[in-house]
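Before any comments, here is the structure.
Keep in mind that what you see is a predicted model, and the values were worked out from it rather than measured. Numbers here simply count residues along the sequence, with the first being 1. In each ligand, atom 1 is the first atom listed, and ligand 1 is the first ligand listed. The analysis underlying the following values was restricted to heavy atoms, covering all of them including side chains, and did not include hydrogens, waters or symmetry mates.
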Amino acid sequence: MKAAVLTEINKPLQILDLDQEAPKAGEARVRMKATGICMSDWHMMIGDWPTKLPQVLGHEAAGIVEEVGPGPSRVSVGDHVIFSFASHCGHCRYCNSGRSVLCNGHAAPGFLLPDGTTRLKYKGEQVNQMARIGTFCEQVVCSTENLVPVRKDLPWPIAAIIGCSVATGIGAVTRAARVEAGANVLVIGCGGVGLNIVQGARLVGAGKIIAVDLLDNKLEYASKFGATHTINGKTENVVKTVRAITDGGVDYAFDAIGSEATVLQIVDALAPGGRATMVGIPSVTVRAGIAPASMVFQEKTLSSSYYGSVQPDRDFPVLADLYMDKKIDLDSLISRTYGLEDINQGFEQLRKGGVARGVVVFD
Ligand SMILES: [Zn+2]
Ligand SMILES: [Zn+2]
C-alpha cells in the first residue's frame with residue numbers, strides 16, 4: 001500500500017510501500033479518493049511544528065469506507081466520508097460543549113491513534129499518522145471519530161478540500177467571528193484558507209471585502225471569490241490603504257498567514273470596536289508584540305479560530321450542501337490535480353504560490 005512519508009525534515013516526501021493492519025473496534029479502513037496539499041503539511045516538512053518521524057502526512061481528504069472494525073460503528077461500508085483532522089472523543093468538556101475541535105480526551109499524541117499506536121509499518125518499524133489519520137496514502141485505517149459521512153453526489157476533490165481549507169476559512173467567518181451582513185472585512189493571505197475567508201464574507205453579505213497578498217495572481221483569485229478591493233502588501237501600505245478604503249478601519253480582520261507583521265496589521269487595520277481573528281498558524285517560534293493601549297482605548301478584540309471553530313459532524317454536510325446549491329465556489333479553488341507519486345511537485349507549486357489548491361487524486 002503506497003503512501004507519501006516524511007522520513008526526514010527538509011527532505012521531499014518518499015513514496016513507500018507500507019504494511020497496514022486491519023481496523024480494530026471503533027475504527028474503519030477508508031479507500032482514499034482525493035487529498036489536498038496544504039500549508040500545514042509543509043510546516044511539518046520543514047520542521048516548523050515539532051513532531052515524530054517517520055510520518056504519513058496529509059489531513060485534508062475524502063474517501064469511501066471499505067471495512068469497519070468489529071462491533072457497532074458510526075460509519076458503514078460504502079459511506080462517502082470526509083476526514084476530520086480533529087479528534088472527537090465525545091466525552092471531554094470540549095466535545096460536550098460544541099467545541100470538539102479542541103477535544104483533549106485522548107492521552108496519546110496527535111500522530112497516534114487514540115489507543116497510542118498506529119496501523120502502519122515500514123520494514124517492521126511503526127509509521128506515524130498525521131492528525132491520527134495521515135491521508136497521503138492509498139488507504140487509511142483510523143478511528144471513526146475522524147470520519148464524517150456526507151452526500152454521495154459530492155465530487156471527491158471537493159469533498160477533500162471541505163475537510164480543511166474550506167471549513168477553516170468559511171468557519172472562521174460564520175462560526176468564529178460571526179460576521180454580519182454589511183460589515184467591512186479584511187483578509188490577509190489569499191491561499192486555500194484565505195480565499196475561503198473571502199468567499200465566506202461574501203456568503204454572509206459583508207460590505208467591503210479587502211484582500212491582501214504579495215502575489216498579484218492570488219489577488220486575481222481573491223476578486224473572483226468576492227473581494228471588492230485588493231491590496232498588494234509588497235507595494236502598498238496595508239493599514240493606511242485599508243483605512244482609506246473604509247474611512248477608518250474594518251469591522252473584522254482575518255490573518256490567514258500568522259507572521260508577526262500580519263498579526264499586527266489585522267489589529268492596526270480595525271475600526272474601534274472591531275474584531276481581529278488569527279487563522280493561519282506559523283512556526284511555533286513566532287512571537288508578535290501588540291500595543292495593549294490602543295486595543296483597550298478602542299475596545300478592539302484579538303481572537304483566534306482553529307479549524308474554523310466548526311463542528312465537523314454538523315458543518316461538513318452544511319458546506320457540502322452550500323456547494324451543491326452553488327452558494328459557494330469550490331471548483332475554482334482546485335487549480336491542479338496530481339497523482340500520489342507527483343506529490344512533491346504539488347508542494348513545489350504550493351510554495352511558489354502558483355495554485356489556489358492542489359489536490360492528489362487516486363484512481
Ligand atoms: Zn490543512
Ligand atoms: Zn473530546
Side-chain angles (χ1 to χ4, degrees), residues 4 6 13 26 34-46 48-49 51 55-62 74 82-111 113-115 129-136 140 142-148 157-172 189-197 256-258 278-283 305-316 319 330 333-334 343 346-347 349-351 355-360:
L6 181 65
L13 299 179
T35 178
I37 297 174
C38 176
M39 216 59 206
S40 298
D41 305 302
W42 180 249
H43 282 299
M44 305 278 267
M45 289 170 70
I46 61 174
D48 274 350
W49 304 344
T51 188
Q55 187 167 153
V56 176
L57 301 186
H59 59 280
E60 177 182 83
R74 62 192 289 271
I82 297 177
F83 286 82
S84 162
F85 62 77
S87 292
H88 188 180
C89 76
H91 53 72
C92 73
R93 70 184 173 112
Y94 296 108
C95 286
N96 279 323
S97 60
R99 302 182 75 185
S100 59
V101 295
L102 300 180
C103 173
N104 65 357
H106 299 306
F111 48 82
L113 270 55
D115 75 350
Q129 295 176 235
M130 179 178 181
R132 307 185 200 282
I133 48 182
T135 60
F136 293 160
V140 170
C142 66
S143 167
T144 59
E145 72 187 59
N146 294 96
L147 302 174
V148 179
I158 299 296
I161 63 171
I162 284 176
C164 176
S165 54
V166 177
T168 301
I170 293 181
C190 298
V193 170
L195 291 173
N196 279 297
I197 299 174
I257 307 285
M278 297 180 284
V279 181
I281 313 175
S283 159
S305 173
Y306 177 61
Y307 211 158
S309 311
V310 296
Q311 293 182 52
D313 285 326
R314 174 193 64 184
D315 288 299
F316 290 178
L319 292 165
L330 303 185
L333 282 171
I334 298 171
I343 193 164
F347 280 105
Q349 286 298 318
L350 178 76
R351 272 187 42 239
V355 290
R357 204 55 157 183
V359 177
V360 173

- Taking atom types as modelled, find out whether Thr135 and Glu60 have a side-chain donor-acceptor pair closer than 3.5 angstrom. no
Could you tell me whether any N, O or S atom belonging to [X] is less than 2.8 Å from the Zn ion (ligand 2)?
X: Cys95; result: yes
X: Cys89; result: yes
X: Cys103; result: yes

- Between Gln129 (side chain) and Phe111 (backbone), is there a donor-acceptor pair under 3.5 Å? no
- In a check of side-chain contact (heavy atoms from CB on, under 4.5 Å) between Phe83 and each of Ile162, Leu147, Val148, which one passes? Leu147
- Salt-bridged, Arg74 to Asp313, with N to O below 4.0 Å? yes
- Task: Have a look at the Zn ion (ligand 1) and estimate, to 10 degrees, the angle subtended by NE2 (His59) and SG (Cys164).
- Result: 120°
